[in-house]
Amino acid sequence: MMELKELLAELRYEREVRGSANCLIKSLQFDSRKIESGSLFIAVRGLTTDGHNYISNALENGAVAVVCEKLPDDYQEIESRSPNGICWVKIANTQVALADLAAIFYRHPSRDLKLVGVTGTNGKTTIVTLLYELFRSLNEKVGLISTIRYKVNEQTFPSTHTTPNPLRAQQLLRQMVDEGCRYAFMEVSSHAMVQDRVRNIHFSGGVFTNLTHDHLDYHGDFDSYLKAKKSFFDLLPKSAFALSNIDDKRGAVMLQNTQASKKTYAQSKPADYRVRVLENDFGGMLLDLDGEQVFCRLIGSFNADNLLAIYATARLLGREKMEVLTAMTTLSSAEGRFDFIRQEEQNITGIVDYAHTSDALEKLLDTVRKIRNKGQRIITVIGCGGDRDKTKRPKMARVACHFSDQVILTSDNPRTENPFDILVDMKTGVEKSEESKVLEIENRREAIRTAVRLARKGDIIVVAGKGHEPYQEINGVRHPFNDKEVLASAFGLEEA
């Protein structure tokens, strides 16, 4: 709890205060439905809703103060109905104020952590999850903020966004500090940068993975998407490190204006940290990593990049070389990332992966193609999400066809779009010469079952796009659906 005047004292920009700021604030909220007695309500303008429309609701539910960009026309009438009065704080940008007030209210917890943010199109979840597992194996108390879940040591909380809103982020970071965490690893999305979700969060380091076309429905064009990612590194302090994958042609761009210590990693270019794949099969990879040979359970060249990023991050955080390499041999892939199961009777391999961009899908299928045995066919089940970037739909289908022997186009999360319209968009990417290998089955469950029925002894089935997600979103409703469970059931296995 904190007095409102204390909260406002740390803000570095102008505000207009009407009423007494001596009131005690018990919680911060920007959702009027979560208001309780003693709350401060921050009216934020969102993409679909405007918090200013819910000020009356917030006050009825017990808010004692309101931060807003514009006072309600009837604010005096509203105030007259409050026996104890209301403190109004008028401010230019409530989205920025939410991030700043959350940091102040939770006493800047990130300053007491070695917090590393990971950004890029692909690989974020794998890297932060494996860093969490790596440091846990080194007997450290660790926090995790990822697409799949949030963790404070061994406690697990459901994830709502890749990067949570600033209020939730500061809550989690404070809980990590209070429970003795020294390290934390956090996915930082492009949306988070544009929406100020990591404003006033102190990072000890940042990692860039790669950049491919994604989220253009939100950012409008690729340059804006790139700038959103780059802004994370532009804002890193001098005390931090900025680690970038310079095999990616935008890797050097990310480091151009950062004040942080610049470090690089790569497979094919000169860099501060290097890796080379010596052997690669379904059992794992033998790597030449920073001059040492190490066997890791993960598979594929793209995971060699991820493992190198993990290694470099741990070293930049001060860990010893051999303790890191030893710990890396125990790591396994994050849930829904090259997650595979076997149907032993016919020796059919099923792979479930979150790949939902053309680049990620290409890396996934290229890896499978390179490590498969002679005669093994690849059957790929793939869809694209509704209400999202439409430009990647034909690319996804084209990649699937190029790297697979059989392709089944199906639904992903259609959301409010007609799933058949999405399939039409995808089908435009299929070349005439490859049309014979493509089936269209809108029902995702039936598509996966069909892939299993089509599979012959030794074949490989890849189900891509949803990975860890336990639902399928259709017309605003999330229906229970898990690719790995559906695939296991089609294999005749009791559980995945």
Side-chain angles (χ1 to χ4, degrees), residues 1-111 161 163-171 173-174 191-202 228 231 234-235 237:
M1 293 189 290
M2 185 180 292
E3 284 196 347
L4 179 58
K5 63 182 179 182
E6 290 181 77
L7 270 171
L8 299 179
E10 283 195 48
L11 296 181
R12 298 178 182 177
Y13 34 80
E14 291 185 7
R15 61 266 184 194
E16 179 186 340
V17 181
R18 299 190 185 191
S20 173
N22 291 324
C23 51
L24 187 66
I25 302 301
K26 297 179 181 178
S27 69
L28 307 185
Q29 296 293 349
F30 63 94
D31 184 338
S32 63
R33 296 167 297 183
K34 296 180 181 179
I35 291 289
E36 55 191 7
S37 178
S39 290
L40 168 64
F41 178 65
I42 304 165
V44 177
R45 299 183 193 276
L47 290 174
T48 57
T49 58
D50 185 348
H52 291 78
N53 297 331
Y54 300 92
I55 289 175
S56 293
N57 301 58
L59 294 171
E60 288 172 7
N61 291 339
V64 295
V66 175
V67 174
C68 55
E69 295 176 9
K70 180 181 180 296
L71 293 174
D73 293 336
D74 59 345
Y75 84 92
Q76 289 177 321
E77 181 186 336
I78 294 172
E79 196 171 53
S80 68
R81 298 197 297 265
S82 176
N84 301 315
I86 300 162
C87 184
W88 302 88
V89 182
K90 187 180 175 185
I91 217 154
N93 188 324
T94 51
Q95 179 174 282
V96 167
L98 173 64
D100 293 346
L101 290 168
I104 297 164
F105 188 79
Y106 288 102
R107 307 188 308 282
H108 300 282
S110 58
R111 295 175 181 175
H161 296 80
T163 309
N165 67 68
L167 189 57
R168 181 64 176 134
Q170 296 289 356
Q171 287 174 331
L173 294 170
R174 169 47 55 195
H191 293 69
M193 294 308 302
V194 174
Q195 296 170 10
D196 296 298
R197 292 188 217 162
V198 295
R199 178 184 168 90
N200 245 317
I201 293 179
H202 175 84
S231 66
D234 293 347
L235 295 171

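Quick caveat, the model's predicted, so the values are computed rather than measured. When a residue number appears, it is its place in the shown sequence, counting from 1.
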Rounded to the nearest 0.5 Å, what's the gap from [atom1] on [X] to [atom2] on [Y]? Could you check?
X: Leu7; Y: Ile104; atom1: CG; atom2: CD1; answer: 6.0 Å
X: Ile42; Y: Ser32; atom1: CD1; atom2: OG; answer: 13.0 Å
X: Leu98; Y: Asn93; atom1: CG; atom2: CG; answer: 10.0 Å
X: Lys26; Y: Met2; atom1: NZ; atom2: CE; answer: 15.5 Å
X: Leu101; Y: Leu4; atom1: CG; atom2: CG; answer: 8.5 Å
X: Thr163; Y: Arg168; atom1: OG1; atom2: CZ; answer: 13.5 Å

For [X], check salt bridge (Lys or Arg N to Asp or Glu O under 4.0 Å) against everything at least two apart and list the hits.
X: Arg12; result: none
X: Lys34; result: none
X: Glu16; result: Arg18

Determine, for Glu69 against Lys90, whether the closest basic-nitrogen to carboxylate-oxygen distance falls under 4.0 angstrom.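 Looking at Glu69 and Lys90, the cut-off is not met.
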Any idea which heavy atoms bring [X] and [Y] closest together, and the distance?
X: Ile35; Y: Ala63; result: CG2-N, 3.5 Å
X: Ala103; Y: Pro109; result: O-CD, 4.5 Å
X: Arg197; Y: Ile201; result: O-CD1, 3.9 Å
X: Cys68; Y: Trp88; result: SG-CE3, 4.5 Å
X: Leu28; Y: Ile25; result: CD2-CG2, 3.9 Å
X: Arg15; Y: Val89; result: CB-CG1, 4.0 Å

Is there a side-chain contact (heavy atoms from CB on, under 4.5 Å) between Val44 and His52 once you walk through the steps? CA-CA 7 Å; Val44 177; His52 291 78; over 6 Å; no
Looking at side-chain heavy atoms only, is the closest gap between [X] and [Y] below 4.5 Å?
X: Phe41; Y: Val67; answer: no
X: Gln195; Y: Val198; answer: no
X: Ile91; Y: Tyr13; answer: yes
X: Val64; Y: Leu40; answer: no
X: Arg199; Y: Pro166; answer: no
X: Gln170; Y: Phe105; answer: no

Verify, without hydrogens or angle tests, whether Ser231 (side chain) and Ala228 (backbone) share a donor-acceptor contact under 3.5 angstrom.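 Answer holds: yes.
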Is there a donor-acceptor contact under 3.5 Å from the side chain of Arg174 to the main chain of Arg107?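 Yes; judged by distance alone, with no hydrogens or angles, the pair exists.
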Compute whether any side-chain donor of one residue and acceptor of the other, for Glu10 and His108, lie under 3.5 angstrom apart.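 Checked: Glu10/His108 side chains pair up, N/O donor to acceptor below 3.5 Å.
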Hey, are Ser39 and Gln29 close enough side-chain-wise for a donor-acceptor pair under 3.5 Å?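 Their side chains do not contain a donor-acceptor pair, so the 3.5 Å distance test is not met.
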Count the heavy atoms belonging to other residues, nucleotides or ligands that lie under 6.0 Å from CG of Asn22, then report whether that count exceeds 12.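 Enclosed.
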Just checking Tyr54: does its OH atom have more than 12 heavy atoms from other residues, nucleotides or ligands closer to it than 6.0 angstrom?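 Open: at most 12 neighbouring heavy atoms sit under 6.0 Å from OH of Tyr54.
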Stepwise, does the side-chain contact (heavy atoms from CB on, under 4.5 Å) test hold for Ser27 with Glu36? CA-CA 8 Å; Ser27 69; Glu36 55 191 7; 3.5 Å; yes
